[in-house]
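Let me begin by presenting the structure, written as structure tokens, before commenting on it.
Proteins come first, then strands; the chains are lettered A, B, ... in the order of their sequence lines, and each starts at number 1.
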Amino acid sequence: MDTVAALHRPVLAWYSASARSLPWRAGDASAWAVMVSEFMLQQTPVKRVLPVYEEWLRRWPTPEALAKEPAGEAVRAWGRLGYPRRALRLHAAATAITEQHAGEVPRDHAQLLALPGVGEYTAAAVASFAFRQRHAVLDTNVRRVFARAVTGQEYPANATTAAERRTAATLLPDDPETAATWAVAVMELGALVCTARTPDCVRCPIAGGCAWRQAGSPPWEGPARRGQSYEGTDRQVRGKLLAVLRDAPGPVTQAQLDAVWADGVQRARALDGLVTDGLVEPVAAGVYRLPG
DNA sequence: GAGTCGTGGGA
DNA sequence: TTCCCAAGACT
């Protein structure tokens, strides 16, 4: 289909001219560096990732370096990025890479997918960005660009569909190197131009062929996207509890934890969840620490 | 498949 | 100010 190939040139040209200079995109960025960035970028804005990423790569330049440290150090160094289980999983992935892959991030997509914390998106992203392989990379940005440009809807559905995978596969350039650049280019287009709230169609290289624009930019009529209530949830309590652990040099007491949330029932439930997840370790009666 | 899991900044 | 949501994974 010429209509397919016709999308490639303008998007690739736009990316060449407009891409952000990000450390994990530098020519000397290792596969490990790419993997660290992908874990951190899951549901987290680039701006907040940057300083933590730099610190992590300086401190742990290889999977082996991270694997040598207690998981709690990874959790502490995660700082306030959010979803701290990612730190635990990244540490576990580093351990698996060290023990099962001779310290080298695997190039094989299936082996990547088998690592802790690596799902469909991250496996494709690492294989594509770090190893320049041909994979469809479907993140929230890409899904939104395709929903608009191809399907003519303002937003994609909540969960990735088979139709989206077909679309992504169809649009993927044949040449692996070109496919890898295409993947990051579409993602960048979604992040900078085809944004969720107020797309900047004036600067969009494919606005002329965008199905959503051609349809008059109709508003989203699908099911309401689920909101993320936060205030008063267990997640908020977990965050407060873990912040106490992160900010303390060593083990903390029950009293220190009790001080951050009034509801004892909810507080106990949240703490129990953190212990179950392996983010917190009981050391003695009423004493807790980050995992050793 | 729907719920859970943090955090903070921009519109 | 309030609300939306930002390169998902896992159960």
Side-chain angles (χ1 to χ4, degrees), chain A residues 15 19-20 22-25 29 33-53 75 78-90 92-93 112-130 135-145 154-162 164 168 180 183-192 194-200 220 223-246 260 269-270 272-274 276-280:
Chain A
Y15 180 74
R20 290 168 291 182
L22 299 171
W24 45 87
R25 288 180 186 164
V34 172
M35 176 171 284
V36 170
S37 77
E38 291 305 335
F39 269 74
M40 291 182 173
L41 288 164
Q42 291 168 5
Q43 302 283 283
T44 307
V46 167
K47 182 179 180 180
R48 212 178 320 155
V49 163
L50 281 168
V52 184
Y53 166 88
V75 174
W78 198 254
R80 306 187 68 79
L81 282 184
Y83 294 145
R85 291 187 295 190
R86 291 182 293 166
L88 224 45
R89 290 172 183 153
L90 185 47
L112 286 166
L113 196 55
L115 295 172
V118 177
E120 178 182 352
Y121 162 76
T122 302
V126 173
S128 177
F129 304 157
H135 292 282
V137 181
L138 271 178
D139 80 320
T140 186
N141 291 305
V142 175
R143 295 184 61 221
R144 187 174 54 250
V145 170
E154 185 177 17
Y155 297 113
N158 280 327
T160 304
T161 64
E164 287 182 271
V184 72
V186 177
M187 194 177 302
E188 189 79 337
L189 185 63
L192 298 183
C194 194
T195 53
R197 290 198 188 177
T198 52
D200 191 0
W220 174 245
R225 296 166 299 160
R226 68 171 200 270
Q228 306 181 37
S229 57
Y230 181 66
E231 200 67 25
T233 63
D234 286 4
R235 297 164 74 180
Q236 184 182 22
V237 185
R238 287 167 58 109
K240 287 181 176 296
L241 292 173
L242 200 59
V244 173
L245 274 293
R246 272 201 317 266
V260 301
R269 185 173 66 231
D272 185 65
L274 289 170
T276 297
D277 288 347
L279 285 163
V280 174

Legend entry - Donor-acceptor pair, side chain of A:T44 and main chain of A:L41, under 3.5 angstrom: no

Inset, instruction - Could you tell me whether the side chain of A:R86 and the main chain of A:G82 form a donor-acceptor pair under 3.5 Å? - result: yes

Legend entry - A:Q42 side chain to A:Y121 side chain, donor-acceptor N/O pair below 3.5 angstrom: no

Inset, instruction - Indicate, with a heavy-atom threshold strictly under 4.0 Å, whether A:L279 touches base, sugar-phosphate, or nothing. - result: nothing

Inset, instruction - Starting from C1' on C:dT11, measure out to OH on A:Y83 and report it in whole angstrom. - result: 15 Å

Inset, instruction - Would you mind reading off the distance between A:E231 atom CD and B:dG6 atom C1', rounded to a whole angstrom? - result: 13 Å

Legend entry - Euclidean distance, atom CG of residue A:D139 to atom P of C:dA7 [Å, nearest integer]: 6 Å

Inset, instruction - For the pair A:R25 (side chain) and A:A19 (backbone), establish whether a donor and an acceptor sit closer than 3.5 Å, ignoring hydrogens and angles. - result: no

Inset, instruction - Tell me what A:L242 touches on the nucleic acid: a base, only sugar-phosphate, or nothing, going by heavy atoms under 4.0 Å. - result: nothing

Legend entry - A:R144 side, atom CZ; A:L189 side, atom CG - distance, nearest 0.5 Å: 9.5 Å

Strictly under 3.5 Å: I want the nitrogen or oxygen pairs between protein and nucleotides 2-4 of chain C, one per line.
| unit_1 | atom_1 | unit_2 | atom_2 | d |
| --- | --- | --- | --- | --- |
| C:dC4 | O4' | A:R197 | NH2 | 2.4 |
| C:dC4 | N1 | A:R197 | NH2 | 3.3 |
| C:dC4 | O2 | A:R197 | NH2 | 2.7 |

Inset, instruction - For A:K47 and B:dT7, give me the distance from atom NZ to atom C1', rounded to whole Å. - result: 14 Å

Legend entry - Presence of A:R48 side-chain N/O under 4.0 Å of B:dG6 phosphate oxygens OP1/OP2: no

Inset, instruction - Please name the pair of heavy atoms, one in A:L242 and one in A:L279, separated by the smallest distance, quoted to 0.1 Å. - result: CD1-O, 4.0 Å

Inset, instruction - Please figure out whether A:T198 or A:K240 has its closest DNA chain B nucleotide nearer the 5' end. - result: A:K240

Legend entry - Whole angstrom value for the distance that separates P of B:dG8 from CG of A:L50: 16 Å

Inset, instruction - Assign A:T140 to base, sugar-phosphate, or nothing according to its heavy-atom contacts below 4.0 angstrom with the strands shown. - result: sugar-phosphate

Inset, instruction - Write down the distance between CZ (A:R86) and C1' (C:dC10), rounded to a whole number of angstrom. - result: 14 Å

Inset, instruction - Look at the side chain of A:E188 and the backbone N and O of A:R20, then say whether any donor-acceptor pair between them is shorter than 3.5 Å. - result: yes

Legend entry - Selection: residues 115-123 of chain A, any non-hydrogen atom under 4.0 Å of DNA chain C: A:P116, A:G117, A:V118, A:G119, A:E120, A:Y121, A:T122

Inset, instruction - In whole angstrom, give the distance that lies between atom CZ of A:F129 and atom C1' of C:dA7. - result: 7 Å

Inset, instruction - Might you work through the side-chain hydrogen bond (donor to acceptor under 3.5 Å, both in side chains) test for A:Y83 and A:R235, ending with a clear yes or no? - result: CA-CA 9 Å; A:Y83 294 145; A:R235 297 164 74 180; 2.8 Å; yes

Inset, instruction - Would you indicate what A:Y230 reaches in the nucleic acid, counting non-hydrogen atoms under 4.0 angstrom: base, sugar-phosphate, or nothing? - result: base

Legend entry - Residue whose closest nucleotide on DNA chain B lies nearer the 5' end, A:T160 versus A:R238: A:T160

Legend entry - A:Q43 side chain near C:dG8 phosphate (N/O to OP1/OP2, under 4.0 Å): yes

Inset, instruction - Could you give me the CA-CA distance, side-chain angles and deciding distance for A:W78 and A:M40, then say whether side chain to side chain contact (heavy atoms under 4.5 Å, CB included) is met? - result: CA-CA 9 Å; A:W78 198 254; A:M40 291 182 173; 3.6 Å; yes

Legend entry - For atom CG of A:L88 and atom P of B:dC5, their distance in whole Å: 15 Å

Inset, instruction - Kindly say if A:R246 contacts the phosphate of B:dT7, meaning a side-chain N or O under 4.0 Å from OP1 or OP2. - result: yes

Inset, instruction - Please check the phosphate of C:dA9 (OP1 and OP2 only) for any side-chain N or O of A:R85 closer than 4.0 Å. - result: no

Inset, instruction - Please answer whether the main-chain N or O of A:D272 pairs with a side-chain N or O of A:T276 as donor and acceptor at a distance below 3.5 Å. - result: yes

Inset, instruction - Give one of base, sugar-phosphate or nothing for A:W24, where a contact means two heavy atoms less than 4.0 Å apart. - result: base

Legend entry - Sugar-phosphate only, base, or nothing, as touched by A:A196 at under 4.0 Å among non-hydrogen atoms: sugar-phosphate

Inset, instruction - Using a heavy-atom cut-off of under 4.0 Å over every strand shown, decide if A:R143 touches base, sugar-phosphate, or nothing. - result: nothing

